[in-house]
Amino acid sequence: MKGLVFCPPIRFHSAGPNSFDSAYPMRLSRYFLPILRDTPKEAEIVSHRLMLRAGMIRQEASGIYAFLPLGFRVLQKVCQIVREEQDRAGAIELLMPTIQSAELWRESGRYEAYGKEMLRIKDRHERDMLYGPTNEEMITEIFRAYVRSYKDLPLNLYHVQWKFRDEIRPRFGLMRGREFLMKDAYSFDIDQEGARHSYNKMFVAYLRTFARLGLKSIPMVAETGPIGGNLSHEFIILADTGESEVFCHRDYLGFEVPGDNVKFDDAAELEAIVGKWTSLYAATSEKHDAKAFAALAADKQVSARGIEVGHIFYFGTKYSAPMKAVVAGPDGTERPVHMGSYGIGPSRLVAAIIEASHDEAGIKWPEAVAPFKVAILNLKQGGADTDPACEQLYQALSAKGVDVLYHDLDERPGAKFATADLIGLPWQVLVGPRGLAEGKVEVKRRSDGSRELMSPADAIERLAT
RNA sequence: CGGGGCAUAGCGCAGUCUGGUAGCGCGUCUGGUUUGGGACCAGAAGGUCGCAGGUUCGAAUCCUGCUGCCCCGACCA
């Protein structure tokens with residue numbers, strides 16, 4: 001806010017798994033972190049409350065939010081993980097526009113079908129345009145413009161872009177906004193069998209993505225809604241404050257998530273994984289079968305609340321047929337491609353992660369998405385011993401590539417503790433005169449509140465790994 | 001879209017019934033004392049009371065219209 005200390009490295013995704021190793025440290029005195037002490041009255045659910053209080057977001061209109069620096073960092077980290085797992089599964093990133101022409105949607109028949117949820121606008125020439133609620137039509141248009149042969153398949157294209165759905169009633173902050181960020185992927189295959197494999201790739205990628213975000217997700221049989229199709233799963237995470245009622249077999253909670261050695265091109269291997277993850281009962285209230293659920297052993301029945309964080313569909317030729325996205329098969333005859341689409345809402349995920357991980361004092365970020373890994377709290381700003389000790393920690397951790405936020409404001413210790421707990425960085429290093437007198441700092445873990453006294457050198461060692 | 005509610009300083013609120021030109025707490029700024037769980041003292045800044053009309057000598061307050069936002073329900077990543 002008061003000028004950049006240095007230019008942080010621009011971080012393109014797809015730079016490989018270590019692309020986040022570059023340090024991006026910050027001193028609070030130079031940062032823009034508008035913490036609120038009181039909860040704005042409009043915020044009802046905990047994630048909304050905490051995001052406003054922690055200075056992560058600001059509402060600009062009903063269901064429309066600006067991401068402030070702290071919130072933006074989390075959003076970027078979520079997107080980064082989403083992208084890495086999409087890339088790993090063989091999807092290819094591109095970027096489509098937010099504004100679309102109504103023409104495309106008339107081709108698929110959805111311009112009329114979509115209803116008032118679609119934000120319709122006119123340009124200066126009175127042409128019908130719309131702010132995209134999804135991109136099946138557009139990706140199909142792109143596909144049909146270039147792809148003619150089965151030899152170019154399978155293909156999975158994805159992008160991460162803002163979407164707009166004019167919800168009847170936006171609520172719960174980012175959880176049900178009208179504008180939201182979405183990763184949507186679209187797969188193209190020559191036949192249903194290929195499409196099934198593509199579907200399974202995304203299924204496994206989703207399991208991995210949510211696990212890396214620190215979430216336990218459970219795939220559940222789902223309604224297909226306006227996207228259409230007949231094969232669909234919602235990925236649900238359990239959280240007390242979740243919007244929907246869900247029912248599942250307890251064993252899902254202990255299932256092992258596929259490792260990063262999964263061979264995505266091995267159809268049989270993926271089919272086995274997906275088979276396992278769909279073998280037990282799991283359904284949202286819309287698809288709930290009370291009898292089937294009751295048949296489970298009592299100690300295996302989990303009835304809980306959940307948040308939908310991802311949704312995958314196979315819908316065959318629903319768009320390719322009317323829009324004439326056809327490819328020639330080995331026999332030379334043309335046929336419409338089989339498609340699927342696969343969505344994840346990163347902006348909703350930010351809220352969902354908070355719903356799943358917080359306490360009375362504030363957020364508890366999983367390390368993978370924390371806006372910073374470490375907070376250094378100088379408990380006596382201006383102290384002859386605390387200032388240099390903090391400075392050294394800050395420099396050393398930065399040099400080792402640790403995202404660190406140095407709380408260097410002239411505030412009382414209590415206020416710093418409250419701020420640190422609120423913004424929920426995984427680690428706090430408490431540097432005060434009391435500890436330094438014995439050559440120690442205190443390392444506190446936010447997730448369980450545990451603390452440990454150690455030398456600054458040990459603290460650096462501990463936090464840099 | 002139906003039902004309820006709110007709109008006064010950055011945030012949380014009082015004042016509206018009973019009209020007389022705006023107040024409290026937190027935050028912000030200045031100076032000082034403080035410093036291991038949201039410190040204290042002194043001083044200061046900050047508001048066309050959501051907007052537009054109307055009634056009145058006079059409107060945050062009464063009347064009319066509009067807008068925005070929140071909550072409950074049906075829809076959704």
Side-chain angles (χ1 to χ4, degrees), chain A residues 34-45 48-49 52-53 55 58-64 78 82 114-118 132-135 160-185 206 222-227 232-237 243-244 284 286 307-313 341-352 361-362 377-384 386-387 409-422 428-437 440-442 444 449 451 453:
Chain A
I35 298 273
L36 302 180
R37 195 159 172 168
D38 300 308
T39 303
K41 65 176 174 191
E42 72 267 18
E44 200 68 8
I45 63 163
H48 191 195
R49 233 166 33 222
L52 290 168
R53 288 236 293 131
R58 169 152 187 95
Q59 180 168 337
E60 293 299 339
S62 180
I64 299 177
V78 170
V82 168
Y114 216 91
K116 290 191 177 150
E117 246 186 42
M118 183 153 74
T134 178
N135 285 67
V160 180
Q161 177 63 287
W162 294 100
K163 299 281 185 294
F164 193 93
R165 292 183 190 170
D166 203 356
E167 298 282 341
I168 296 169
R169 181 151 90 89
R171 59 184 125 176
F172 304 143
L174 289 189
M175 202 68 92
R176 178 168 309 299
R178 296 146 91 199
E179 188 180 58
F180 56 96
L181 196 61
M182 182 155 123
K183 182 289 299 179
D184 39 328
Y206 276 33
E223 297 281 356
T224 52
I227 310 284
S232 175
H233 287 91
E234 285 180 10
F235 286 75
I236 302 278
I237 63 162
E243 296 189 82
S244 37
T284 59
E286 300 89 53
I307 301 169
E308 181 185 354
V309 290
H311 203 155
I312 61 179
F313 306 85
S341 75
Y342 315 90
I344 290 181
S347 51
R348 170 183 279 191
L349 266 169
V350 174
L377 307 192
N378 186 341
L379 300 185
K380 182 168 181 173
Q381 204 66 45
T386 50
D387 278 15
L409 299 178
D410 187 14
E411 282 181 359
R412 314 248 320 167
K416 293 195 178 185
F417 293 141
T419 297
D421 286 349
L422 174 62
Q428 299 171 15
V429 185
L430 316 185
V431 183
R434 196 191 284 174
L436 283 182
K440 309 270 184 171
V441 297
E442 194 169 342
K444 175 183 164 187
R451 302 145 178 269
L453 279 171

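By convention in this document, chain letters (A, B, ...) are assigned in the order of the sequence lines, proteins followed by strands, and residues within each chain are numbered from 1.
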Partner lookup for [N], please. Criteria are Watson-Crick or G-U wobble with both distances under 3.5 angstrom; report none if nothing qualifies.
{"N": "B/U16", "value": "none"}
{"N": "B/A39", "value": "B/U33"}
{"N": "B/A22", "value": "none"}
{"N": "B/G2", "value": "B/C72"}
{"N": "B/A45", "value": "none"}
{"N": "B/U61", "value": "none"}
{"N": "B/G27", "value": "none"}
{"N": "B/G50", "value": "B/C66"}

Does OP1 or OP2 of [N] have a side-chain N or O of [X] closer than 4.0 Å?
{"X": "A/S62", "N": "B/C70", "value": "yes"}
{"X": "A/Q381", "N": "B/U34", "value": "no"}
{"X": "A/R37", "N": "B/C26", "value": "no"}

Using only modelled atom types and a 3.5 angstrom limit, is any donor from either the side chain of [X] or the base of [N] paired with an acceptor on the other?
{"X": "A/E442", "N": "B/G36", "result": "yes"}
{"X": "A/D38", "N": "B/G27", "result": "no"}
{"X": "A/R451", "N": "B/G37", "result": "yes"}
{"X": "A/R176", "N": "B/C76", "result": "yes"}

Rounded to the nearest angstrom, tell me the gap between atom [atom1] in [X] and atom [atom2] in [N].
{"X": "A/I64", "N": "B/C69", "atom1": "CD1", "atom2": "P", "answer": "8 Å"}
{"X": "A/K444", "N": "B/G37", "atom1": "NZ", "atom2": "P", "answer": "12 Å"}
{"X": "A/L379", "N": "B/A39", "atom1": "CG", "atom2": "P", "answer": "13 Å"}
{"X": "A/E44", "N": "B/G4", "atom1": "CD", "atom2": "C1'", "answer": "14 Å"}
{"X": "A/E42", "N": "B/C69", "atom1": "CD", "atom2": "P", "answer": "11 Å"}
{"X": "A/F417", "N": "B/U35", "atom1": "CZ", "atom2": "P", "answer": "14 Å"}
{"X": "A/R171", "N": "B/G4", "atom1": "CZ", "atom2": "P", "answer": "18 Å"}
{"X": "A/L436", "N": "B/U35", "atom1": "CG", "atom2": "C1'", "answer": "14 Å"}

What distance, rounded to whole Å, do you find between the two [atom1] atoms, one in [N] and one in [M]?
{"N": "B/C66", "M": "B/G27", "atom1": "P", "result": "42 Å"}
{"N": "B/A60", "M": "B/G15", "atom1": "C1'", "result": "8 Å"}
{"N": "B/C40", "M": "B/U34", "atom1": "C1'", "result": "8 Å"}
{"N": "B/G47", "M": "B/G10", "atom1": "P", "result": "8 Å"}
{"N": "B/U64", "M": "B/U56", "atom1": "C1'", "result": "16 Å"}
{"N": "B/G46", "M": "B/C26", "atom1": "C1'", "result": "14 Å"}
{"N": "B/U67", "M": "B/C57", "atom1": "P", "result": "32 Å"}
{"N": "B/U8", "M": "B/U61", "atom1": "C1'", "result": "11 Å"}

Heavy atoms from C-beta onward define the side chain here; which of [options] lies closest to that of [X]?
{"X": "A/H311", "options": "B/A77, B/C72, B/G38", "result": "B/A77"}
{"X": "A/P413", "options": "B/G37, B/A74, B/G36", "result": "B/G36"}
{"X": "A/I168", "options": "B/C11, B/C1, B/C76", "result": "B/C1"}
{"X": "A/R434", "options": "B/C75, B/G36, B/G38", "result": "B/G36"}
{"X": "A/E167", "options": "B/C13, B/G73, B/A77", "result": "B/A77"}

Output yes when [X] and [Y] qualify as a salt bridge under the 4.0 Å nitrogen-oxygen rule, no when they do not.
{"X": "A/E243", "Y": "A/R176", "answer": "yes"}
{"X": "A/D184", "Y": "A/K163", "answer": "yes"}
{"X": "A/R49", "Y": "A/D38", "answer": "no"}
{"X": "A/R178", "Y": "A/E167", "answer": "no"}

**Item:** Residue mapping more 5' on RNA chain B - nearest nucleotide basis, A/L422 or A/V309
**Value:**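 Upstream on the strand: A/L422.
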
**Request:** Using the closest heavy atom to pick a nucleotide of RNA chain B for each, name whichever of A/P170 or A/K380 lands nearer the 5' end.
**Result:**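 By nearest-heavy-atom nucleotide position, the 5'-most residue is A/K380.
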
**Prompt:** Do A/V82 and A/K183 come within less than 4.5 Å of each other through their side chains, counting heavy atoms only?
**Reply:**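 In short, these two side chains touch, coming nearer than 4.5 Å.
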
**Message:** Before you tell me yes or no, could you show the steps for A/T386 and A/L436 under side-chain contact (heavy atoms from CB on, under 4.5 Å), namely the whole-Å CA-CA distance, both residues' side-chain angles and the distance that decides it to 0.1 Å?
**Reply:** CA-CA 7 Å; A/T386 50; A/L436 283 182; 3.8 Å; yes

Just to be sure I understand the rule, does [X] reach a base, reach only the sugar-phosphate, or reach nothing, if contact means heavy atoms closer than 4.0 Å?
{"X": "A/L430", "answer": "base"}
{"X": "A/D184", "answer": "nothing"}
{"X": "A/A61", "answer": "sugar-phosphate"}

**Request:** To the nearest 0.5 Å, tell me how far A/L349 CG sits from A/F235 CZ.
**Result:**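 The distance works out to 12.0 Å.
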
**Message:** Less than 3.5 Å apart, any donor N or O on the side chain of A/K416 or A/Q428 sitting next to an acceptor on the other?
**Reply:**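 Not at all, the side chains of A/K416 and A/Q428 share no donor-acceptor pair under 3.5 Å.
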
